[in-house]
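Per chain, numbering begins at 1; letters A, B, ... match sequence-line order.
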Amino acid sequence: MPELPEVETIRRELVRKITNKKIVNFKITKPKLIKEPSVSEFKKGVIGERVKEVSRKAKLLTIKLKEDKFLIIHLKIAGWLLYGEEDPRARAVFYLSDGKVLNYMDSRVLGELRLCKNYKDLNFIKKLGPEALDISLSKFRELLISRKAKIKVLLLDQTLISGLGNIYAQEVLFLSKINPQRAANSLSQKETRLLHGKIVSILKEAIKHKGSSVDTYRDLGGDRGGMEKRLKVYGRKDKKCYFCKRPLKKISLGGRGNCFCPHCQK
DNA sequence: AATGGGACCTGCGCGC
DNA sequence: TGCGCGCAGGTCCCAT
């Protein structure tokens, strides 16, 4: 699921629902999800703590429990959070002092839960490039200028620019009419500016509509996002191009599926 | 150094 | 209806 807009949607709802709540108990049914410390240390470490702050770094949620204690949640592909009643499908359950629970949902069990002294120590976070929503045009231009990697692959490289995933990377290239197979350094100044603008605008639009529920993703209340209805290329292989009405094609780039319009995206 | 494939997991939709 | 296959929003690791 969760690219920047989905994680940001969850963050905003979490701020309202769990800030200042105490975690009174914790249950895990898929211990593999806990990457550090040990499962028992993790459990001991979260119980009794109060949620001080809920933040987001690219696609990760960082929940501050103490100055030196952070709960880090990476939802990976299929993770989401459900607040309210305990859910039988939950992979982990945080029991809260308001009598409600926070269910960690993840059909594919690929997500990661961590408890760390400081989230900034995490290797993955250290390596993250600037956030897609914040990166300046000149920084973005610098990124592309010396790289011959395919632009689509580059947009997904979190160490260069963070927050975009396979849905929104396809969307921004389509809206910018840039072929995903183009070498990054082949983009003109005009194309680079257009792409940069589309990255910012689509992420903002997606946040406004509470993300895309193309599959498992749901918001904190279990409701679908509204953005999937507005997507123009993602998952639309063989359907008509929004611009020219010719059929969209699907190719594989960097191991990921990619829909695009060979006619409009030059 | 860059690229491609597989691994991690489960569940869904499709075609036969 | 039942089964096997391909595929899925992310990231890491390895081989070439």
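If you check the side chains of A/K27 and A/N103, you find no donor sitting under 3.5 Å from an acceptor.
Within the 4.0 Å cut-off from OP1 or OP2 of B/dC8, not a single side-chain nitrogen or oxygen of A/K76 is found. Side-chain nitrogen and oxygen atoms of A/K30 include none within less than 4.0 Å of the OP1 or OP2 phosphate oxygen of B/dC9.
Remark: A/K35 NZ is packed, more than 12 non-hydrogen atoms of other residues, nucleotides or ligands lying under 6.0 Å away.
The side-chain hydrogen bond (donor to acceptor under 3.5 Å, both in side chains) check on A/S136 picks up A/S138, with sequence neighbours excluded. The side-chain hydrogen bond (donor to acceptor under 3.5 Å, both in side chains) test applied to A/T159 returns A/D157, not counting sequence neighbours. Partners of A/D87 by salt bridge (charged side-chain N to carboxylate O under 4.0 Å, His left out), not counting sequence neighbours, listed by chain and number: A/R89. Residues forming a salt bridge (charged side-chain N to carboxylate O under 4.0 Å, His left out) with A/E131 (at least two apart in sequence, or on another chain): A/R56.
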Sequence neighbours left out, cut at 3.5 Å: what donor-acceptor pairs do the side chains of residues 15-24 of chain A make with other protein atoms?
unit_1: A/T19; atom_1: OG1; unit_2: A/V15; atom_2: O; d: 2.4
unit_1: A/K21; atom_1: NZ; unit_2: A/K17; atom_2: O; d: 2.7
unit_1: A/K21; atom_1: NZ; unit_2: A/D98; atom_2: OD2; d: 3.2

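When the P atom of B/dA1 is taken as reference, atom CG of A/L154 falls 17 Å away, rounded to whole Å. For A/K59 and C/dC12, the NZ to C1' distance is 14 Å, given to the nearest whole Å. When the P atom of C/dA8 is taken as reference, atom OH of A/Y234 falls 7 Å away, rounded to whole Å. Between the C1' atom of C/dC7 and the NZ atom of A/K237 lies a distance of 11 Å, rounded to the nearest Å. We find that OH of A/Y217 is positioned 16 Å from C1' of C/dG10, with the value rounded to whole Å. Atom pair A/N123:CG and C/dC12:P shows a separation of 8 Å (rounding to whole Å applied). For A/L75 and B/dT10, the CG to P distance is 18 Å, given to the nearest whole Å. Straight-line distance from the CD1 atom of A/I73 to the P atom of C/dG10: 18 Å, rounded to whole Å.
Pairs of residues two or more places apart, or lying in two chains, that qualify as ring-ring contact (aromatic ring centres under 6.0 Å, His included) and include a residue from residues 82-120 of chain A are A/F26-A/F94, A/F70-A/Y119. Pairs engaging residues 120-146 of chain A under the ring-ring contact (aromatic ring centres under 6.0 Å, His included) rule: A/H74-A/F124, A/F140-A/H196 [sequence neighbours left out]. Screening residues 234-266 of chain A for ring-ring contact (aromatic ring centres under 6.0 Å, His included) gives A/F174-A/F243 as the qualifying pairs, with residues at least two apart or on separate chains.
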Report task. Decide side chain to side chain contact (heavy atoms under 4.5 Å, CB included) for A/L65 and A/V51; before the verdict, give the C-alpha distance in whole Å, the side-chain angles of both, and the deciding distance to 0.1 Å. Result -> CA-CA 5 Å; A/L65 302 176; A/V51 173; 4.3 Å; yes
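In summary, A/K139 and A/E142 do not engage in a salt bridge, as defined by a charged side-chain N under 4.0 Å from a carboxylate O.
One P atom belongs to B/dG6, the other to C/dG6, and the distance between them is 12 Å to the nearest Å.
Counting heavy atoms from C-beta on, the side chains of A/I207 and A/R12 come closer than 4.5 Å.
Looking at the side chain of A/A149, the nearest of the listed nucleotides C/dC7, B/dT3, C/dG10 is B/dT3. In this structure, the nucleotide among C/dA8, B/dC8, C/dG10 sitting nearest to the side chain of A/H74 is C/dG10.
Within residues 104-122 of chain A, the residues that place at least one heavy atom under 4.0 Å from DNA chain B are, in residue-number order, A/S107, A/R108, A/V109, A/L110. Applying a 4.0 Å cut-off to non-hydrogen atoms, none of the residues of residues 155-165 of chain A approaches DNA chain B.
Here A/K250 lies in heavy-atom contact (under 4.0 Å) with sugar-phosphate atoms only. Residue contacts for A/F124: at a heavy-atom cut-off of 4.0 Å it reaches the sugar-phosphate backbone alone, with no base atom in range. Residue-level contact check: A/K148 touches neither bases nor backbone, having no heavy atom under 4.0 Å from any strand.
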Got a list of protein N/O to nucleotides 12-16 of chain B N/O distances below 3.5 Å?
none

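Shortest non-hydrogen contact noted between A/G225 and A/S213 is N-OG, 2.7 Å.
Stem list for DNA chain C (at least 3 consecutive Watson-Crick or G-U pairs, distances under 3.5 Å): B:2-8 with C:10-16, B:10-16 with C:2-8.
Atom CG in A/L143 sits 4.5 Å away from atom CD1 in A/I135 (nearest 0.5 Å).
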